[in-house]
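Shown next, in structure tokens, is the structure this report addresses.
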Amino acid sequence: SDIGSQKERVVTEEEWLQKWEMGNIGFHKEQGHPLLRKYLDVLLNGRSGLRIFFPLCGKAVEMKWLADMGHSIVGVEVSEQAVKEFFSEHSLPYCEEPVPEITGAKLFQSTSGNISLYCCSIYDLSSSIIGKFDGVWDRGALVAVNPCDRQRYASLMINLVEKNSSYLLVTVSYDPNKHKGPPFYVPESEIKSLFG
Ligand code: SAH
């Protein structure tokens with residue numbers, strides 16, 4: 001597959017933190033993503049009270065939306081600013097505590113208990129720490145992961161889902177020679193080989 005020079009590109013955690021500091025967050029959708037509304041039934045598949053995972057969550061408003069529907073949300077985000085903005089923009093009281101298994105990581109949890117956001121790198125997490133999920137909303141996540149880390153990311157995600165889970169993945173289609181990303185171009189063939 002031709003992903004051009006994107007194969008070598010690396011965006012560091014520091015650069016992501018800077019994007020948040022500078023307000024350089026064009027990826028954030030204040031009204032939520034239309035594709036989640038469109039495919040909500042596929043994600044839920046008639047089930048209620050699901051555990052839903054938001055990898056690389058930013059301050060995605062869909063977390064509040066699904067929590068209000070009675071689901072329990074877990075997200076992971078490297079920027080503490082993003083996590084705090086999520087809770088303050090929705091006027092949600094929260095508490096903050098260290099994560100014993102991960103040095104330097106913090107868990108931010110809504111007082112109502114149904115939204116838990118881990119502030120750390122996704123690569124620090126495992127199913128022994130956060131359990132397994134019935135659903136995943138992967139938007140701005142796989143496509144934001146450095147191309148060299150895709151395999152590791154996909155293996156982790158496969159490990160984090162229950163047998164009967166639904167995984168909604170949003171990708172972007174464009175000529176990777178014309179834009180350096182992120183979001184990166186992930187060809188369909190690669191998605192098939194990553195997730196099987
Ligand atoms: N999914 C969100 C945000 C997409 S942008 C949305 O739909 O709006 C990608 C986000 O991933 C950024 O907020 C960035 O800070 C975060 N991020 C990048 N690398 C990460 C990593 N290794 N672990 C956790 N979060 C990471």
Side-chain angles (χ1 to χ4, degrees), residues 6 9-40 43 52-67 71 73-90 92 96 99 101-108 115-127 129-130 133 135-160 167-174 179-186 191 194:
Q6 289 192 346
R9 178 145 157 77
V10 170
V11 180
T12 62
E13 284 183 17
E14 197 50 49
E15 287 174 89
W16 282 109
L17 299 185
Q18 273 166 19
K19 283 181 202 283
W20 279 98
E21 274 166 39
M22 308 288 289
N24 196 357
I25 52 162
F27 51 80
H28 178 66
K29 281 201 173 311
E30 247 157 66
Q31 305 305 321
H33 204 290
L35 286 172
L36 181 56
R37 289 176 196 278
K38 183 168 177 191
Y39 292 104
L40 182 65
L43 181 65
I52 301 178
F53 186 49
F54 279 65
L56 283 66
C57 60
K59 53 175 182 178
V61 301
E62 296 89 350
M63 297 193 284
K64 171 75 164 55
W65 193 48
L66 288 168
H71 304 291
I73 307 301
V74 175
V76 59
E77 168 56 53
V78 82
S79 163
E80 183 166 332
Q81 180 186 339
V83 170
K84 287 184 167 164
E85 285 180 11
F86 172 79
F87 287 110
S88 67
E89 286 171 15
H90 296 282
L92 288 169
E96 183 182 331
V99 182
E101 299 93 332
I102 312 167
T103 314
K106 286 183 196 169
L107 170 60
F108 293 79
I115 304 179
S116 300
L117 304 186
Y118 286 81
C119 186
C120 61
S121 170
I122 189 166
Y123 306 113
D124 294 332
L125 296 176
S126 64
S127 58
I129 303 173
I130 57 170
F133 296 91
V136 177
W137 172 242
D138 183 323
R139 182 268 169 177
L142 173 68
V143 297
V145 160
N146 290 320
C148 59
D149 294 324
R150 265 177 211 158
Q151 185 63 64
R152 186 181 180 195
Y153 173 85
S155 306
L156 173 61
M157 295 306 291
I158 289 167
N159 217 265
L160 288 177
Y167 191 121
L168 292 187
L169 171 66
V170 183
T171 62
V172 285
S173 184
Y174 66 91
H179 178 63
K180 65 184 165 118
F184 297 110
Y185 170 60
V186 188
I191 292 164
L194 287 170

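For ligands, and for the atoms within them, numbers begin at 1 and follow the listed sequence. Index from 1, following the sequence.
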Among protein heavy atoms, which lies nearest atom 3 (C) of ligand 1, and at what distance? Leu56 O, 3.4 Å
Using only atom types and a distance under 3.5 Å, with no angle test, would you say the side chain of Arg139 pairs donor to acceptor with the backbone of His33? no
Considering Val170, Val145, Ile122 one by one, which has a heavy atom nearer to atom 21 (C) of ligand 1 than any of the others? Ile122
What protein heavy atom lies closest to atom 22 (N) of ligand 1? Include the residue and the distance to one decimal. Ser121 OG, 3.3 Å
Under 4.0 Å from one or more heavy atoms of Cys120, ligand 1 contributes atoms 23 (N), 24 (C)
Look at atom 24 (C) of ligand 1 and find which of Val78, Asp124, Val83 reaches it with the closest heavy atom. Val78
Heavy atom of Phe54, distance to ligand 1 below 4.0 Å: no
How does Ala82 reach ligand 1, by side chain, by backbone, by both or by neither, if only non-hydrogen atoms under 4.0 Å count? neither
Once the angle between the rings of Phe133 and Phe53 is folded into 0 to 90°, is it parallel (under 30°), tilted (30 to 60°) or perpendicular (over 60°)? parallel
Mark yes or no for whether Glu77, through its side chain, and Gly58, through its backbone, hold a donor-acceptor pair below 3.5 Å. yes
Arg139: numbered ligand 1 atoms lying under 4.0 Å from its heavy atoms: 1 (N), 2 (C), 6 (C), 7 (O), 8 (O)
Is there a donor-acceptor pair under 3.5 Å between the side chain of Glu13 and the backbone N or O of Val78? no
Is a side-chain N or O of Gln6 found less than 3.5 angstrom from the main chain of Phe184, in a donor-acceptor match? no
Thr171 and Ile191 have their tightest heavy-atom pair at CG2-CD1, 3.7 Å
